[in-house]
Structures are given as C-alpha cells and as structure tokens.
**Q** 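Got a structure for you, written out below as structure tokens; questions coming shortly.
Computed from a prediction, not measured in an experiment: that's the story for all the values here.
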Amino acid sequence: MKKLFVLGIILLSIISVGFIANKHKMDAEAAISSLKKDVPKNSKCALCNMFVYQKKDKMGVFSSQAIKKNGKVVYYDDIGCLLYDEVKNKTKNKKYVRDYKTLKWIKAENATYVKTNLHSPMEWGYVYFASKSEAKKYIAKHKKCKIVKLSTIKKRAIDRYKGQFSSNVKKKRVQQIQVNLQLYQV
C-alpha cells in the first residue's frame with residue numbers, strides 16, 4: 001500500500017511537470033506570434049496605463065512590446081515606459097520596437113535609435129530603425145536628429161521616472177497628453 005502511494009505521488013509529479021512545461025511552451029509560442037500581429041485594440045501601457053496605438057495610427061510608430069519570462073506579452077506607448085518598466089520590476093524582458101520604415105517589430109537591442117523632434121505619446125520622440133543606413137538616411141533629411149544608444153535612453157528613462165510622483169511632473173504629463181490629443185485628434 002505504501003509503495004502504491006509513493007508511486008502515485010511520483011506519477012502525479014511527472015504529470016504536473018509535463019503540464020507546467022507544456023504551459024510555458026504554449027505561452028512562449030503565443031508570445032512569438034505577437035511579433036506577427038499588431039497591438040490589440042484598446043491596449044493600455046503596462047507602465048503608465050495610457051493608450052497604446054496600433055500601427056495604422058500616426059502614434060503607432062512609437063509603440064513597443066515586451067515578452068516577459070513567463071511568456072506574457074505587454075505593450076507600451078513609448079520607449080521610456082518599456083525601458084523603465086524593467087528597472088521598476090527588476091526584471092529582464094525580450095523587448096521589441098517598431099521599425100520606422102516598415103512598422104515591423106524588431107528586437108530593441110538590434111535597433112538604431114534616432115532622437116527626433118516628433119511628438120510621441122510620452123514626448124520621448126525616438127524612432128527606431130532595423131538598419132543603421134536607414135537611420136542615417138532619415139537624419140540626412142531631418143538635420144536636428146541624431147543617433148542615440150539604447151543605454152542612453154534607458155538612463156534618461158530612469159532619471160525621468162524617478163520623479164514621476166512629483167506634482168510638477170504630473171502637471172507636465174497632463175499637458176503633454178492634452179497636446180497629443182489636440183495634435184492627433186484622438
């Protein structure tokens with residue numbers, strides 16, 4: 001009887017491990033398929049809870065996404081939110097941004113970042129390119145733009161969000177949102 005009980009526990013453990021491994025595999029497959037899709041309608045930023053735009057919208061070029069270790073896909077309205085969310089939650093995600101030219105998802109670590117004067121949802125104003133040559137072409141047409149490293153953007157995100165609860169930052173954020181709504185008639 002004792003042997004049967006132990007055998008039953010072992011069998012249950014094997015089944016549980018198989019189920020958990022299969023669930024993680026399914027989560028990973030779902031996450032990878034998110035790279036072939038657009039941001040789901042009415043998505044909210046995982047950090048600031050603002051609207052995340054689809055690629056058909058003017059602001060959609062700034063959207064980004066992360067695939068968490070458990071396979072969960074989350075979306076962000078702007079690059080600063082994507083980067084600071086990792087710092088805030090002390091984690092490392094697979095990060096993706098939209099190529100400015102094709103609007104396809106590209107790995108954040110492989111992108112070339114260009115600081116622009118464009119109005120983005122959180123006023124970061126960065127656009128992303130899959131190739132450095134395309135980024136240089138963009139800069140040639142837009143003289144006040146420059147290539148920036150991802151690590152520089154991350155440092156700026158940390159500095160910016162450290163003070164996110166001060167009243168001045170909140171007022172400025174509300175003003176930025178109002179300007180964006182007027183500019184893009186959302």
Side-chain angles (χ1 to χ4, degrees), residues 28 31-32 34-35 38-39 43-55 57-139 142 144-177 179-180:
I32 290 169
S34 77
L35 300 176
D38 199 359
V39 173
S43 291
K44 300 289 182 181
C45 178
L47 181 71
C48 72
N49 207 34
M50 283 180 51
F51 185 73
V52 180
Y53 295 89
Q54 294 184 310
K55 65 181 171 184
D57 299 307
K58 290 179 186 178
M59 298 287 247
V61 71
F62 303 106
S63 299
S64 56
Q65 69 172 289
I67 301 174
K68 306 243 179 211
K69 286 182 182 177
N70 65 1
K72 182 179 178 183
V73 179
V74 292
Y75 298 93
Y76 302 89
D77 60 341
D78 218 330
I79 187 72
C81 291
L82 169 73
L83 298 174
Y84 188 71
D85 193 42
E86 275 190 334
V87 173
K88 180 183 171 198
N89 293 305
K90 297 177 183 161
T91 188
K92 184 100 170 124
N93 302 319
K94 292 181 182 177
K95 299 176 289 297
Y96 298 88
V97 294
R98 281 217 174 102
D99 177 69
Y100 185 77
K101 190 169 180 169
T102 66
L103 297 178
K104 291 182 180 177
W105 295 112
I106 55 175
K107 284 186 177 183
E109 291 80 9
N110 298 340
T112 300
Y113 294 86
V114 175
K115 177 63 174 149
T116 71
N117 292 326
L118 296 174
H119 293 283
S120 62
M122 295 299 289
E123 294 299 327
W124 285 94
Y126 293 98
V127 292
Y128 332 107
F129 293 89
S131 79
K132 196 169 191 169
S133 64
E134 288 297 327
K136 287 180 179 180
K137 286 179 190 175
Y138 182 89
I139 290 171
H142 305 87
K144 293 191 177 187
C145 299
K146 64 180 182 176
I147 292 176
V148 180
K149 291 182 179 181
L150 181 61
S151 59
T152 301
I153 303 170
K154 187 171 185 174
K155 286 176 191 171
R156 289 180 182 157
I158 292 167
D159 291 342
R160 182 175 177 181
Y161 284 110
K162 277 183 183 175
Q164 71 181 335
F165 298 108
S166 75
S167 61
N168 288 340
V169 172
K170 281 185 181 179
K171 284 179 190 173
K172 186 175 181 183
R173 194 166 165 193
V174 168
Q175 289 169 347
Q176 288 171 346
I177 292 166
V179 167
N180 285 340

**Q** At their closest point, which heavy atom of V39 faces which heavy atom of S63, and how far apart are they?
**A** CG2-CB, 4.2 Å
**Q** If you measure from CD1 on I147 to OG1 on T152, what distance do you get to the nearest 0.5 Å?
**A** 12.0 Å
**Q** Do side-chain atoms of D38 reach the backbone of K55 as a donor and acceptor pair under 3.5 angstrom?
**A** yes
**Q** Could you walk me through whether Y100 and Y128 satisfy the ring-ring contact (aromatic ring centres under 6.0 Å, His included) test, starting with their C-alpha distance in whole Å, then the side-chain angles of each, then the deciding distance to 0.1 Å, before giving a yes or no?
**A** CA-CA 5 Å; Y100 185 77; Y128 332 107; 8.8 Å; no
**Q** Once you round to the nearest 0.5 Å, how far does CZ of R156 lie from CG of L83?
**A** 12.0 Å
**Q** If you count heavy atoms of other groups shown closer than 6.0 angstrom to NZ of K115, is the number above 12?
**A** yes
**Q** Hey, could you give me the OH/CG distance between Y76 and D85, rounded to the nearest 0.5 Å?
**A** 3.5 Å
**Q** If you define the side chain from C-beta out and look only at heavy atoms, does anything of V87 sit under 4.5 Å from Y161?
**A** no
**Q** For the residue pair C48 and M122, what are the closest heavy atoms and their distance?
**A** SG-SD, 4.1 Å
**Q** Is the closest side-chain heavy-atom distance between H142 and T116 below 4.5 Å?
**A** no
**Q** For residues V74 and N93, determine if any side-chain heavy atom of one lies less than 4.5 Å from a side-chain heavy atom of the other.
**A** no
**Q** Measuring from atom CG of D99 to atom CZ of F129, what distance do you get when rounded to the nearest 0.5 angstrom?
**A** 7.0 Å
**Q** Do D78 and M59 touch side chain to side chain, with heavy atoms closer than 4.5 Å?
**A** no
**Q** What closest approach, in Å, do V52 and C45 show between heavy atoms, and which atom pair accounts for it?
**A** CG2-N, 3.4 Å
**Q** To check you understand the geometry: which heavy-atom pair defines the closest contact between A135 and T112, and what is its length?
**A** CB-CG2, 3.6 Å
**Q** Decide if atom NZ of K101 counts as having more than 12 heavy atoms of other residues, nucleotides or ligands within a radius under 6.0 Å.
**A** no
**Q** Calculate, to the nearest 0.5 Å, the distance between atoms OH and SG belonging to Y126 and C145 respectively.
**A** 11.5 Å
**Q** Hey, what do you get for SG (C81) to OH (Y75), rounding to the nearest 0.5 Å?
**A** 16.0 Å
**Q** Applying the salt bridge (charged side-chain N to carboxylate O under 4.0 Å, His left out) test to E86, which of K68, K94, K95, K69 qualifies?
**A** K95
**Q** Please name the residue in the list N110, V61, L82 that meets the side chain to side chain contact (heavy atoms under 4.5 Å, CB included) test with V97.
**A** L82
**Q** Take Y53 and R98, measure what side chain to side chain donor-acceptor pair (under 3.5 Å) needs, and give me the verdict at the end.
**A** CA-CA 11 Å; Y53 295 89; R98 281 217 174 102; over 6 Å; no
